[in-house]
Amino acid sequence: MDYKKTLNLPKTDFPMKASLARREPDQLATWEQEDLYRKIRRLSKGRRRFILHDGPPYANGHIHIGTALNKILKDIIVRSRQMAGYDAVYVPGWDCHGLPIEHNVDKELGARKKDYSQAEFRRLCRRYAEKFIDIQRREFKRLGVMGEWDNPYLTMNYAYEAVIAKECARFAQNGSLYRSQKPIHWCCSCRTALAEAEIEYHDESSPSIFVRFALCDDVGGQVPELAGKKVSVAIWTTTPWTIPANLAVALHPEFSYAAVQTGHAEVLILASDLVAACMQKFGVSDYRILAEFEARVLEGQKCRHPLYGRDSTIILANHVTLDAGTGCVHTAPGHGREDYEVGLKYGLEPFSPVDENGCFTPEIPDLRGQFVFAANSGIIDKLEDAGALLARENIDHAYPHCWRCKKPVIFRATPQWFISMDKTGLRRQALAEIDQVTWVPRWGRERIYGMIENRPDWCVSRQRAWGVPIAVFYCRSCGRIHINEEIVAHIHALFTAHGADIWFEKSVADLLPAGAVCEHCGGRTFVKEDDILDVWFDSGVSHAAVLEARDELRWPADLYLEGSDQHRGWFHSSLLTAVGTRHKAPYKAVLTHGYVVDAEGKKMSKSMGNVIAPGKVIERYGAEILRLWVSASDYRDDIHISENILKQLSDAYRRIRNTCRFMLGNLKDFDPGRNRVDYRQMPEIDRFALHRLQELIDRIRGAYERYDLHIIYHALFNFCTVDLSAFYLDVLKDRLYTSASGDAHRRSAQTTMYHLLDAMVRMMAPVLPFTAEEIWRYMPDDGAREESVHMAMLPEANPAWRDAVLAENWNLLLAVRREVTRALEDARARKIIGHSLDAHVDLTADGDLYTKLSPYADQLRAIFITSGAGLVRGAPAEKEDENNATEGLSVRVAAAAGEKCARCWVHDTSVGRDAAHPAVCSRCRRVLAEIG
RNA sequence: GGGCCUGUAGCUCAGUUCGGUUAGAGCGCACGCCUGAUAAGCGUGAGGUCGAUGGUUCAAUUCCAUCCAGGCCCA
């Protein structure tokens, strides 16, 4: 007789093979069809809200692995909060304005660009952004990210643009928006400002000159050795044309400087470490160091400009290096970024006597009209004539060039708009607000604090086309901003109706009420500012344009979540725009994650060839493997990805899937409504499994709560492997398969598995939404289950199912079991047994251990999955295995007595005793009788 | 060059908060078992000078310093 047919073997249609890449899109389509998202929204109406506010990715290109990481993290958190009982609305957004789009549209147009008006050009930019929003939206949805995909926020929406203008106006109204000169990259041939991204570096030969700047006063008071001497500071520059704009000489506060007596009865000051090299350059072989001193003793001393006789101040700056030159840096605040920054500290003007063609203005009468690069040689001659030139040569170095015309660019100061960090106490308030925010990980606080503490005023103007204008008017005569509530409201209304485009299409007369008078000087003509805002301002006001504007959201957000670059970016600009206008941070908590790097920890780059595209991973493994990767990694660090890691994760996925499948198979005949067994009627091992489940629930819920996401994967996976597959489920097989289907103990096992699976599916749902749903729909129905796992809640730990005493006993049994499996392995190696059911084990336990084990004597064979197990009290055998971890125990293995039962495979002496079923043991005989 | 951060087995992570028994887990790997979870399942085993060096200490993976490697942001 074929006894296999009398067993209750697992059976399920739930496929072993996931085929994620193929099946996930079907699942997404089903959800869409069922309108699951709306159902969830309806279901959670009225619950307390959890708002994760999305940082908008830039609407350009396909998503990359870092974007995928970010969105998946967000999704896991949103889903887990939703399942924890919140109404967690997720409104994704896109950052739409800005240079890269403008740049790409520019490239597409090429020479035709001149045929397009600014309005038409802006329309093309808008269309370009829309195209990539659609592409990225598809890609995000494919990752399984749930949210308001039909109604995302776009920084180019008219209403959003109107808010940008309004928020900017608030800064104008409170007096922190001001206009000032600042040097920027400028192309003299295109006559346009250039952004860093529009600059290409090419090698070029430049004049390299050393110039002496004579000190005005005797510095004997500071450096006694120099009393009565004629002293000069030696500077070096590769842009002689900026010499006319020199206002200072910068020394490093921590370097040592030397006063060098040269043959010409003059003293030169330069960095000690560079004396020898410079003297050689200057052709001075005979020199003597008179003194060495710290730079700060000269701070504030005046030098005389070698050409124009005006003062040039000695200042201290950290950007000074010893890589080249003299350690004394020629400083022209109107012609260099660092010069400008240090100039701000010392109150130096960004003097920039160069016009938009790159020619000197009348401010430098002797050079007026000369193109700067052409003026170089004349300036060098003048310096030589003035006796100020120490040395000259040519050097090859990388110099910035315009991406469009390929000509060398210059730094030139032009009027820019700034938001002051200090006029209205913005910096102070922002720093205070930082401490009201929870930073995850904690060091995020130090990072942003340091940035806010040290940053200069925020330059918010850009001389570009694709963005929202700084919608202010200023007086032509006095330059002050003309603004009031009426104007702000009017512009807001216009932008809401027509978008920011209208600003460029209309004149001042159209936009400003007639008869406006400047309240500062009485002027009647006003200038409309056509510069646009820094895109960081656009996204920075999303708290106002999105959180405040949408009923389903709330200000401030519970959480902002982005990569660690956003301490400088979005977290930063959001904080400033919120504190500047609302005196509060727009977020309660900020979570940052690291960057995706390759197996070696190197950043991904096209040139390194180590880029892994999310699309490829999805194609090959499925989105859930990518999600599992996100959940398995500790996002606080950089996150490694490689083929090896993905392979490991897909193995892990299969293990989780198979464990669930096994339980589904064994639940095929289980009706939770009818067959459920009461906890109190359950065998201890089932209650132990439930106890472990409660521990798992605590651990996982806590991990979701604290955003310790990688704990979840590890806990769940270890539970599947260690607790279930290798122990509980393995032990259960005998009971499940061989008992009659309605047997109380079998029903108890099924009840336990039902609880296990139900809880596990809910807990995995935020991470593995596809697989969780798939399992959910295969699970036996108790009539009260939600139609989707995503409408269900995370499991609650049940205190009644926690049993510390029981757990202690069973943990001891597990330790004993480990000893037994090792002994079995030894017997297997000695060919005494093959399968563990071929064995009989005898335990010898000393007093204490025996007392603890003896209540379980009857269950030992089942726990060990052997055919027999004996327990006797006694001293353990001498010199047992030295690795024996369980004190007072020895294990002996022998071949099991009796024949192997053809039905349950247990060796038993009762096999053969029954004439009707000679191949079967007495236990199976009874079951056969029961099931007829 | 500066700020913030990271560096525990081949891989993903625990642990070290207040320094103190042979540093844990799973995967992978090797070997074996099973063939009633079967393109599955079970077991055993090997793998780590806790990035390097120096210091503090009776004692350091854990504290300090320096260095190396890597990341983000500045310059």
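Order of the sequence lines sets the chain letters (A, B, ...), proteins ahead of strands, with each chain counted from 1.
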Can you confirm whether more than 12 heavy atoms, excluding those of A:E446, are under 6.0 Å from its CD atom?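 Check passes, neighbour count above 12.
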- CZ/A:R296: more than 12 non-hydrogen atoms of other groups inside 6.0 Å: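 Count not over threshold, so no.
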Margin query: Between A:E643 and A:R620, does any NZ, NE, NH1 or NH2 come within less than 4.0 Å of an OD or OE carboxylate oxygen?
Written below: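 Salt bridge: yes.
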query: Do NZ/NE/NH1/NH2 and the carboxylate oxygens of A:R822 and A:E825 come within less than 4.0 Å?
result: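 The answer is no: the pair does not qualify as a salt bridge.
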Heavy atoms only, 4.0 Å cut-off, all strands: where does [X] land among base, sugar-phosphate and nothing?
X: A:T592; value: nothing
X: A:N658; value: base
X: A:A839; value: nothing
X: A:R903; value: base
X: A:K4; value: base

> Between A:E341 and A:K900, which has a closest nucleotide on RNA chain B that is more 5'?
Replying inline: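 Between the two, 5'-proximity favours A:K900.
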Review point. Starting at the 5' end of RNA chain B and moving along, which residue's nearest nucleotide shows up first, A:E446 or A:R817?
Key: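 Nearer the 5' end of the strand: A:E446.
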- Item | Inter- and intrachain pairs under salt bridge (Lys or Arg N to Asp or Glu O under 4.0 Å), touching residues 830-840 of chain A, at least two apart |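 Salt bridge (Lys or Arg N to Asp or Glu O under 4.0 Å) check on residues 830-840 of chain A returns A:D826-A:R830.
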From [atom1] of [X] over to [atom2] of [N], roughly how many Å is that when rounded to an integer?
X: A:Y653; N: B:C27; atom1: OH; atom2: C1'; result: 17 Å
X: A:H572; N: B:G3; atom1: NE2; atom2: P; result: 18 Å
X: A:M663; N: B:G41; atom1: CE; atom2: P; result: 13 Å
X: A:E825; N: B:C33; atom1: CD; atom2: P; result: 9 Å

Under 3.5 Å for both donor-acceptor distances, Watson-Crick or wobble: does [N] have a partner, and if so which one?
N: B:A14; answer: none
N: B:U57; answer: none
N: B:A69; answer: B:U6
N: B:C42; answer: B:G32
N: B:G47; answer: none
N: B:U21; answer: none

Q.
Looking at A:R447 and B:C72, is any side-chain donor or acceptor paired with a base atom of the opposite kind under 3.5 Å?
A.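 Between B:C72 and A:R447, which were checked side chain against base, a qualifying N/O pair under 3.5 Å is present.
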Next on the checklist: Given the structure, check if the side chain of A:S725 and the base of B:A37 hold any donor-acceptor pair shorter than 3.5 Å.
Outcome noted: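 For A:S725, whose side chain was compared with the base of B:A37, there is a donor-acceptor pair (under 3.5 Å).
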Which value, in whole Å, describes the distance between the [atom1] atoms of nucleotides [N] and [M]?
N: B:U53; M: B:G7; atom1: C1'; answer: 16 Å
N: B:G45; M: B:A52; atom1: C1'; answer: 31 Å
N: B:C31; M: B:G47; atom1: C1'; answer: 15 Å
N: B:U12; M: B:C64; atom1: P; answer: 26 Å
N: B:G3; M: B:C50; atom1: P; answer: 28 Å
N: B:C5; M: B:C27; atom1: C1'; answer: 28 Å

Output the residues of residues 727-735 of chain A in contact with RNA chain B, where contact means a heavy atom of the residue under 4.0 Å from an atom of the strand; sort by number or write none.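 Correct list: A:D730, A:K733.
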Readout for nucleotides 7-18 of chain B: B = base within 4.0 Å of protein heavy atom, S = sugar-phosphate only, - = neither; 5' to 3' it is ----BBSS----
Who are the side-chain contact (heavy atoms from CB on, under 4.5 Å) partners of [X], not counting sequence neighbours?
X: A:D13; value: A:Y778
X: A:Q566; value: A:W536, A:E562, A:W570, A:F571
X: A:D723; value: A:R692, A:F719

Nearest 0.5 Å, please: how far is CG in A:L73 from NE2 in A:H593?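 Answer for the NE2-CG pair, A:H593 versus A:L73, is 6.0 Å.
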Notebook entry, point to check: Going by 5.5 Å between centroids and 30° between planes, is there a stack of A:W905 over B:G36?
Noted result: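 Whether judged by distance or by angle, A:W905 passes, so it stacks on the base of B:G36.
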